[in-house]
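One structure is given below, encoded as structure tokens.
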Amino acid sequence: MLEVVNLECQRGDRCLFSELSFTLQRGELIHLHGHNGSGKTTLLRALCGLILPTSGEIRWQGSAIDSLREEFAANVTYIGHKGAIKGGLTALENLQIASRLDGFAITEEHAWRALERIGLRGFEDLPTRVLSQGQKRRVALARLLVNRAPLWVLDEPFVALDRAAVGLLQGVIADHVANAGMVMLTTHQEVSLTTGEVRQLQLGVGALGHA
Amino acid sequence: MLEVVNLECQRGDRCLFSELSFTLQRGELIHLHGHNGSGKTTLLRALCGLILPTSGEIRWQGSAIDSLREEFAANVTYIGHKGAIKGGLTALENLQIASRLDGFAITEEHAWRALERIGLRGFEDLPTRVLSQGQKRRVALARLLVNRAPLWVLDEPFVALDRAAVGLLQGVIADHVANAGMVMLTTHQEVSLTTGEVRQLQLGVGALGHA
Amino acid sequence: MLDIFRTLLWRDITLAMRSRADLVANLFFFIIVVSLFPLGIGPEMATLRLIAPGVVWVAALLASMLALERIFAADYEDGTLEQMLLTPQPLALLILAKVAAHWLVTGVPLVLIAPVLGLQYNLSGEMLQVLIVTLLLGTPSLSLIGAIGAALTLGLRGGGVLNALLVMPLTIPVLIFGAGAVEATASGLGGIGHLYLLGAILLAALFFAPLAAAAALRISAE
Amino acid sequence: MLDIFRTLLWRDITLAMRSRADLVANLFFFIIVVSLFPLGIGPEMATLRLIAPGVVWVAALLASMLALERIFAADYEDGTLEQMLLTPQPLALLILAKVAAHWLVTGVPLVLIAPVLGLQYNLSGEMLQVLIVTLLLGTPSLSLIGAIGAALTLGLRGGGVLNALLVMPLTIPVLIFGAGAVEATASGLGGIGHLYLLGAILLAALFFAPLAAAAALRISAE
Amino acid sequence: MNSRLINWFKLSSPATFYPFAGRMVPWFSWIAIILLVIALYLSFFVAPTDYKQGEGYRIIFIHVPVAWMSMFIYVIMAGWAAVGLVYNTRLSAMMSEALAPTGAMFAFLSLWTGALWGKPMWGTWWVWDARLTSSLILLFLYIGFIALKSAIEDPRRADRAGAILLLVGVINIPIIYFSVRWWNTLHQGATIKMSGQTSMDETMLIAMLIMTFAVWAYTIAVVLLRVRTIILERERDTTWVRTLLQEGNRR
Ligand code: HEM
Ligand SMILES: Nc1ncnc2c1ncn2[C@@H]1O[C@H](COP(=O)(O)OP(=O)(O)OP(=O)(O)O)[C@@H](O)[C@H]1O
Ligand SMILES: Nc1ncnc2c1ncn2[C@@H]1O[C@H](COP(=O)(O)OP(=O)(O)OP(=O)(O)O)[C@@H](O)[C@H]1O
Ligand SMILES: [Mg+2]
Ligand SMILES: [Mg+2]
């Protein structure tokens, strides 16, 4: 579904990766590995169309993503190092607006349930500015609970979460993969991603391993 | 050395903790536990004098820290969720300036060695703005390698680091404790902090456990 | 499509309303700049009336620019901008929504207060009317043009001032026609021609500015 | 003690120099604001000469404020401010270093370019000299006073404009004496009294402003 | 595809353009020098003294070509910017980057010569009329472009951001051009019109045109020279630059 062909990304005068090719099918999860600075974030952002690769092509259902633009955007959910949370809005408002921007409106009811599930009960009505680091991450990740996009691109989603939240998120990701979703993620933490087909992709050592 | 007496912190109308008392001696490490939003960051910042607690007292060598101010500041190194890194300066400059602000100048030679040890060889001369998330954290943490303050207060120091860097940092912390340093830290990741005397402090369940 | 426009409009207005100080502050900035001049220049009424339209317009321009310079900055820093780029809707539309919200919370109050300030400078009723109309037609153009500069300089250190450098030249025609219309009315020439030109600029800006800003944002967000 | 002052001064100047565009841009902002007025007001030389000192001073004030508004913002966002609070040195000293760096990179170029702009407005040689002296005495005061406002409004959304609102009233005396000195010279009254007053304000600001800003920072950083 | 098209595409690659530019530079330098000498001779010794403005009017032979050039260069830059955005060619951004300093210089010269001329003609160095103001804006646009490009570190980002600024700013050019028609101001209206009669002495006209071509040739020569340096700097990691430099070293 998502095809990467001969991708190359340069930053400054450092070539992060080149001749990178792989495909991501429905029901698959790719776990991207690599040491700090090996280009994981860069690759994920390029996959979403946020960065223009130096050369190579990224295809969605066969056509290049820069020709698809908004059409492709409707199919991706990206959660990066930054949470895209507005400190002045409440968790509830943040979630509702985020999913509207993702292209589908959700009811307040639905949003409440998602927030409760992710462990923010009692914090829905505070401006997110005052929440703790981990709670802010949870608000950002709540998007995944109400989301319908097939492709999830997650850049270190487990950072700052406590153990309970990590467990919950693992479950959510596994469900998505089981429901024929596609996930591409990176994390330095040891988490077990076992459901569905999990493939490992290694950056930064010149090697490209499948498992 | 560091004594906390009946500390209470309120944020908004939520009481995060109260009647919290403990002491931290030379050669000790306290690992602070607690779920997201339980008040760990708040406690650590209060210990440094960055937040005024609602009630209770924090004493350094017997005197209250708000009476000591700069004198106390000379003894603490705090590394929080934010890295205190200037994107426009290189890693080298950042490190040198940070340690000057900490109260002691280091030679360029010394700074180079610290950066090399923390795995930033080849990246010393780039503006830190362009570094990856984990590399930025490393620049922030390099301060610990050149530091002489007895008390380290570390808020989730392992976030965004890859495995190699986590291992290195563990070693640095263990060394510090072994050299009669004091460390107070929090982390959600599973890391082994074994050298010296490690005590566990639990926030957010009303309980306070020592191990 | 309209739904997203409305959502974003509502979000930005809500955010602005939550920090009401912000709203008031922009207005006060305008008032203070206009009121500074008599202090810097001296209290002669004849001189003051002469320079009034120019001063009001320059103040409006500065207030717009100052408030506008960071229109995308917050979104950029907290990552919302990335998400906007990944929205299944044309980016230009989202930008239009943001600019509209911005104008509603900063531009409109400014237009409403202007007549009061004009009175301080002893402007006639007719001149005041023209002043309001020019501001109504001109300030949205300022916001639109400013958005391009804000998008271009996003994430750059000192972007604010660089932005001013890039944008001010482009807003000068608005300033000239805006102040010119009031002066033309004062001298009995009739400012209607100027007003048409202001309207034309607004239409052009409405069409082109969101597109240019969208292109710039895609680059800056990278 | 001096070592920390120097370190911070050097750091901020380096950061400013790295983005050289920033430096130039602040200057151009000043130039553009000064040049905008004739556009709004019309090209009559007699009127222009009359308002010249006021315009130059208002522009200097705006340029200072604009550049100053974010003097602590970057440090706050990236966490450096926390570290500055944990420095074994008086915070007021650090603030003084930051303000000094700020003035050196934004204030001084502005003072140097002012005579050229004054020429555009047809000011006499003597008036130009007085203008430079007033700017030299006045702009550091502006930076110092601005720092208080910047510290107060740190971390608030739209803090920039609010800051201007809080600080502008405090800067008005500087503006009045600054522009006043030039006008007094023009009218043959001699501006020396104004200059003394400017000097007094500067001394007071040098002493009190860092202390006030330090207190404000401790609160804002919490 | 026909052969001419292929040829153009080949030229738009820096590797082929570099030696091509190198070959062109001496030609245009010589043309510039020769034309300049002719034009200066014509304008200072041949052209008749103006009955109204005296000898001072001779500054027109510099002022007008320089003013034209400052506008023309901006349009060319905007053209390159459009090409660069659409076809993603590397060379176009380098061209606009190379053109900018020269454009800024001419914009400055046009202001300066205009101001010099204004003193005897209007009794003042500067007035805030539409033509003069929009010319000043042009200078600001050039400086803004240069400032923006130097403020952005990543060269590809800088190229694209600069291109957008150029396309937005191009609106100023018609404003400069038509300003004398839209506002009645001190500044002279167009004497050389696209259609109809010119109201100028024939030798004056010829001198001015030759001067224009001289300035033109100068611009081409300088810009080609500058673009060669930019190409080398930007492409220093490519194999063709490496081999080029090695060959240079061996020689
Ligand atoms: C700083 C002041 C001045 C500036 C910025 C300026 C700018 C320009 C520009 C941009 C043009 C070319 C526009 C066009 O051809 O349509 C031009 C042409 C011209 N300027 Fe100026 N000018 C200035 C002062 C003067 C003065 C003082 C005079 C003489 C009284 C003058 C006389 C002319 C003439 C005769 C042309 C040629 C017009 C034509 O043939 O189309 N300029 N100037
Ligand atoms: N302008 C530049 N010049 C040189 N190197 C650059 C430039 N911009 C980015 N880089 C490098 O590109 C890499 C970016 O890596 P990226 O952020 O994709 O890493 P990552 O794999 O996500 O790392 P982390 O695990 O730390 O998040 C870094 O090594 C960085 O130093
Ligand atoms: N103004 C306020 N009103 C209500 N609650 C507040 C307010 N300010 C802070 N809080 C609460 O105080 C807590 C702050 O927690 P803190 O940041 O110390 O948590 P933490 O233990 O560090 O969590 P994490 O593991 O996520 O970093 C959060 O639960 C937050 O919701
Ligand atoms: Mg990363
Ligand atoms: Mg925390």
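Chain A is the first sequence line, chain B the second, and so forth, proteins listed ahead of strands; every chain is numbered from 1.
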Exercise for the section: Look at the aromatic rings of B/His176 and B/Trp152 and report parallel, tilted or perpendicular, splitting at 30° and 60°. Expected result: parallel

If one checks every heavy atom of D/Glu82 against chain B at 4.5 Å, the contacting part turns out to be both

Turns out that what part of D/Leu81 lies under 4.5 Å from chain B's heavy atoms comes down to neither

Under 4.5 Å to a heavy atom of chain D? For B/Leu89 that would be both

Honestly, the part of B/Gln96 sitting under 4.5 Å from a heavy atom of chain D is neither

Discussion item. Closer than 4.0 angstrom, basic N to acidic O: yes or no for B/Asp102 and B/Arg143?
Written reply: yes

How close do [X] and [Y] get, heavy atom to heavy atom, and via which atoms?
X	Y	result
B/Lys82	D/Tyr76	NZ-O, 3.3 Å
B/Pro127	B/Gly87	CB-O, 3.5 Å
D/Thr134	D/Ala181	CG2-CB, 3.5 Å
D/Ala147	D/Ala213	O-CB, 4.2 Å

Among residues 50-67 of chain B, those lying within the under-4.5 Å heavy-atom range of chain D are B/Leu50, B/Ile51, B/Leu52

Separation between NZ (B/Lys86) and OG1 (B/Thr128), nearest 0.5 Å, reads 9.5 Å

Value for CD1 (B/Ile30) from CD (B/Gln25), rounded to nearest 0.5 Å, stands at 9.5 Å

Highest number of heavy-atom pairs under 4.5 Å with chain B among D/Asp75, D/Leu85, D/Leu91 belongs to D/Asp75

Answer key: most heavy-atom pairs under 4.5 Å with chain D among B/Thr77, B/Ile79, B/Val76, B/Ile85 is B/Ile85

Closer than 3.5 angstrom, by distance alone: can the side chain of B/Asn179 be matched with the main-chain N or O of B/Gly181 as a donor-acceptor pair? no

